[in-house]
Novice: 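To start, I am sharing the structure in question, which I have written as structure tokens.
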Amino acid sequence: MATIIDGKKISAEIKEELKEKVEQLKEAGAEGTLAVIQVGDDPASGVYVRNKKKACAYIGLHSQSFELPEETTQKELLDLIERLNRDDAVNGILVQLPVPAHIDEKTVINAISPDKDVDGFHPQSVGSLTIGQPGFVSCTPAGIIELLKRSGVEMDGKHCVIVGRSNIVGKPMALLMLRENATVTVAHSHTRQLQELCRTADILIVAVGRKEFITGDYVRPGAVVIDVGIHRDEDNHLFGDVKYDEAFEKASMITPVPGGVGPMTIAMLMHNCVEAMTR
Ligand code: GUN
């Protein structure tokens, strides 16, 4: 039976700490503003964007919201980003992904000034993370490191298996785990004998984007299991990439869905916004 890692509680703690820090920065005359851009009206993106703006208000940052229609051209979006890059009142810029198919995501990410790249998606941010230089770190993997640290999970010398190699989670997660002196294996759809490999993990981080893909058979007894997935069924019930009940029986610690990794992403976005404010 596992101890549940409470992401809701830990993210609330982080937001309290940030709120205090923002108060101090404001007393010293600083102001923080996050510009949030959404193109189109994808309902899931709408929820994320609202939660991000709410978190800004909670910790004492301003947010500027740009809700652009689906038919916005790439040039119009790039012009807006360029204007926000030059606006000294804006410290952080975030373009909610995915963008509509006629807009090239990479071009958009590259257009955001690395100094304002609070999502940590710009190639310069990723490059800095790779060679251990200061820069913004992608929020979900940064949040997972905070969850583990604040839950007392030792990473040094441990074998961490990451299932999934996305630019947003899997790859930066591997780099952050290396920074914590873990031994890291990144598994993906071409990995052979995945189940056996996962069973060698002290820390198993799953970001495959497939509902309940990782069953109890993938979990070594006593492992720490981190579930990044989020899926909804017809009845609006939420599920992760991990079959929770089975993994719960085997793991020493586990993140639930919802209430595990999810809330940490916004907490770390706020962390990055406060960082941007101090730059
Ligand atoms: N879409 C899904 N996750 C994210 C995220 O962390 N940042 C942005 N900008 N878009 C997303």
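Both counts, for ligands and for their atoms, begin at 1 and track the order of listing.
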Novice: Would you call R83 and D79 a salt bridge, taking side-chain N to carboxylate O under 4.0 Å as the test?
Specialist: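 No salt bridge links R83 with D79.
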
Novice: Non-hydrogen atoms of Q38 versus ligand 1: any pair closer than 4.0 Å?
Specialist: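 Contact check Q38 vs ligand 1: negative.
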
Novice: Considering distance alone, does some N or O of Q96 sit under 3.5 Å from an N or O of ligand 1?
Specialist: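 By distance alone, the answer is yes.
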
Novice: Return a yes/no value for P98: is any of its N or O atoms, backbone included, closer than 3.5 angstrom to an N or O of ligand 1?
Specialist: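 No, since none of the N or O atoms of P98 sits under 3.5 Å from an N or O of ligand 1.
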
Novice: Tell me which part of E105 gets within contact of ligand 1: side chain, backbone, both or neither, using heavy atoms under 4.0 Å.
Specialist: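 Contact part for E105 vs ligand 1: neither.
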
Novice: Please write down residue, atom name and distance for the protein heavy atom closest to atom 1 (N) of ligand 1.
Specialist: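 Looking only at protein heavy atoms, the one closest to atom 1 (N) of ligand 1 is L97 O, 2.9 Å.
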
Novice: Mind checking whether Y48 has a heavy atom under 4.0 Å from ligand 1?
Specialist: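 No.
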
Novice: If you measure from CG on N272 to CG on L34, what distance do you get to the nearest 0.5 Å?
Specialist: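 Separation between the atoms: 10.5 Å.
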
Novice: Can R279 and E275 be counted as an ion pair, charged N to O under 4.0 angstrom?
Specialist: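 Yes, charged N to carboxylate O under 4.0 Å.
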
Novice: Could you find the nearest protein heavy atom to atom 9 (N) of ligand 1 and give me its residue, atom name and distance?
Specialist: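 Result: D119 OD2, 2.6 Å.
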
Novice: Would you call R86 and E82 a salt bridge, using N to O less than 4.0 angstrom?
Specialist: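 Yes, charged N to carboxylate O under 4.0 Å.
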
Novice: Under 4.0 Å between a Lys/Arg side-chain N and an Asp/Glu carboxylate O for E180 and K158?
Specialist: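 Salt bridge absent between E180 and K158.
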
Novice: Return yes if a side-chain donor-acceptor contact under 3.5 Å exists between T33 and E31, otherwise no.
Specialist: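 E31 and T33 do not have a side-chain donor-acceptor pair below 3.5 Å.
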
Novice: List every atom of ligand 1 that sits less than 4.0 Å from any heavy atom of V95, numbering the atoms from 1 in the order shown and giving each element.
Specialist: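 Checking each atom against V95, I get 8 (C), 9 (N).
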
